[in-house]
*Asks:* 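Would you mind keeping the following structure in view while I ask a few things?
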Amino acid sequence: MSDAFLPGNGFDTYETQDKVLVSMDGTVDCGVVVRILQQQGFGVAGAVVQLAADQSAWAAAARQAAEALGIECIVLNAEALAGQDADALGEGVSPLFAALLTAADKLGMQYVATPHRARVETASNGVHTVCPPAGVGADDSAALAALPQAVLARLILPLGDFAPEDVAEMAADFKV
């Protein structure tokens, strides 16, 4: 991974590229997600989704991690969403995704990304399917399978294309 491409070589012109809002939780995996997306040419911003008041210390740590990565980061106070039922959020949409998508819309960002380990594949008829990640290890595909097509069309899951050992190597290379 020593040949990893980092932004700054002409691909990070924010006005002309697709933008993605990354769910930040302060983990190394989030740092790798940010760097992969930047490497792919996306304009990246972070969002910490705070679902309870007692998560403020965690939210501050996640925001600090985003700042260390050199990206802007907002804290989304989504406590009200945490108590809503599925009918209010939309069938299959969790409070996390409801908050991310609402913020992305307000910020004019087309995509959202998370460090979940799964892949979203699009069939020739445009139907999006959640698939298991590459390699062995953690698999979040079952937890994401109920997301509606509108969410899956906007969801990027960069870690799903890599085996866990590759993600660990990228983390070391990216120094996250």
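Computed from a predicted model, the values in this text were never measured in an experiment.
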*Asks:* So do the side chains of V33 and V44 get within less than 4.5 Å of each other, counting heavy atoms only?
*Replies:* no

*Asks:* Assess whether side chain to side chain contact (heavy atoms under 4.5 Å, CB included) is satisfied between I71 and Q38, documenting all intermediate values.
*Replies:* CA-CA 10 Å; I71 63 170; Q38 288 174 330; 3.5 Å; yes

*Asks:* Measuring only between side-chain heavy atoms, which start at C-beta, is R117 closer than 4.5 Å to P164?
*Replies:* yes

*Asks:* Specify the closest pair of heavy atoms between M109 and K19, including all atoms of both residues, with the distance to one decimal.
*Replies:* CG-CB, 3.8 Å

*Asks:* As a quick check of understanding, evaluate side chain to side chain contact (heavy atoms under 4.5 Å, CB included) for F174 and Q39, giving each step before the final call.
*Replies:* CA-CA 11 Å; F174 293 147; Q39 183 179 23; 4.0 Å; yes

*Asks:* Quick one: CE on M170 to CD on E165, what's the gap to the nearest 0.5 Å?
*Replies:* 10.0 Å

*Asks:* For the residue pair D140 and A118, what are the closest heavy atoms and their distance?
*Replies:* C-CB, 4.2 Å

*Asks:* Within a 6.0 Å radius of atom CD on Q64, are there more than 12 heavy atoms belonging to other residues, nucleotides or ligands?
*Replies:* no

*Asks:* Rounded to the nearest 0.5 Å, how far apart are NZ of K175 and CG of D173?
*Replies:* 7.0 Å

*Asks:* I need the minimum non-hydrogen distance between L96 and S23, along with the two atoms involved.
*Replies:* CD1-OG, 3.7 Å

*Asks:* Working note: Y111 + L37, criterion side chain to side chain contact (heavy atoms under 4.5 Å, CB included); need CA distance, chi angles, decisive distance, verdict.
*Replies:* CA-CA 11 Å; Y111 300 105; L37 292 169; over 6 Å; no

*Asks:* Please report the closest heavy-atom contact between V48 and R63, naming both atoms and the distance.
*Replies:* CG2-N, 3.9 Å

*Asks:* Measuring only between side-chain heavy atoms, which start at C-beta, is V22 closer than 4.5 Å to M24?
*Replies:* yes

*Asks:* Does R35 use its side chain to pair, donor to acceptor, with the backbone of L69 at less than 3.5 Å?
*Replies:* yes

*Asks:* When rounded to the nearest 0.5 angstrom, what distance separates CD in Q110 from CG in L21?
*Replies:* 13.0 Å

*Asks:* Starting from L76, can I reach L107 by hopping between I/L/V/M/F/W/Y residues whose side chains sit under 4.5 Å apart?
*Replies:* yes

*Asks:* Given T114, which of L100, I156, D25 fulfils the side-chain contact (heavy atoms from CB on, under 4.5 Å) condition?
*Replies:* L100

*Asks:* Please determine whether the number of non-hydrogen atoms from other residues, nucleotides or ligands lying under 6.0 Å from atom CD of E67 exceeds 12.
*Replies:* yes

*Asks:* Set out, in order, the CA-CA distance, both residues' side-chain angles and the distance that settles side chain to side chain contact (heavy atoms under 4.5 Å, CB included) for V176 and V34, then state yes or no.
*Replies:* CA-CA 10 Å; V176 295; V34 167; over 6 Å; no

*Asks:* Checking D29 against T27: is there a side-chain donor and acceptor pair closer than 3.5 Å?
*Replies:* no

*Asks:* For the residue pair F97 and H116, what are the closest heavy atoms and their distance?
*Replies:* CZ-CE1, 4.1 Å

*Asks:* Compare every heavy atom of A65 with every heavy atom of G26, then report the nearest pair and how far apart it is.
*Replies:* CA-CB, 3.9 Å

*Asks:* Nearest 0.5 angstrom please: L152 CG to L144 CG, how far?
*Replies:* 8.0 Å

*Asks:* Please tell me if the side chains of Q55 and V75 come closer than 4.5 Å, counting only heavy atoms from C-beta onward.
*Replies:* no

*Asks:* Where the side chain of R119 meets the backbone of L157, is there a donor-acceptor pair that is under 3.5 Å apart?
*Replies:* no

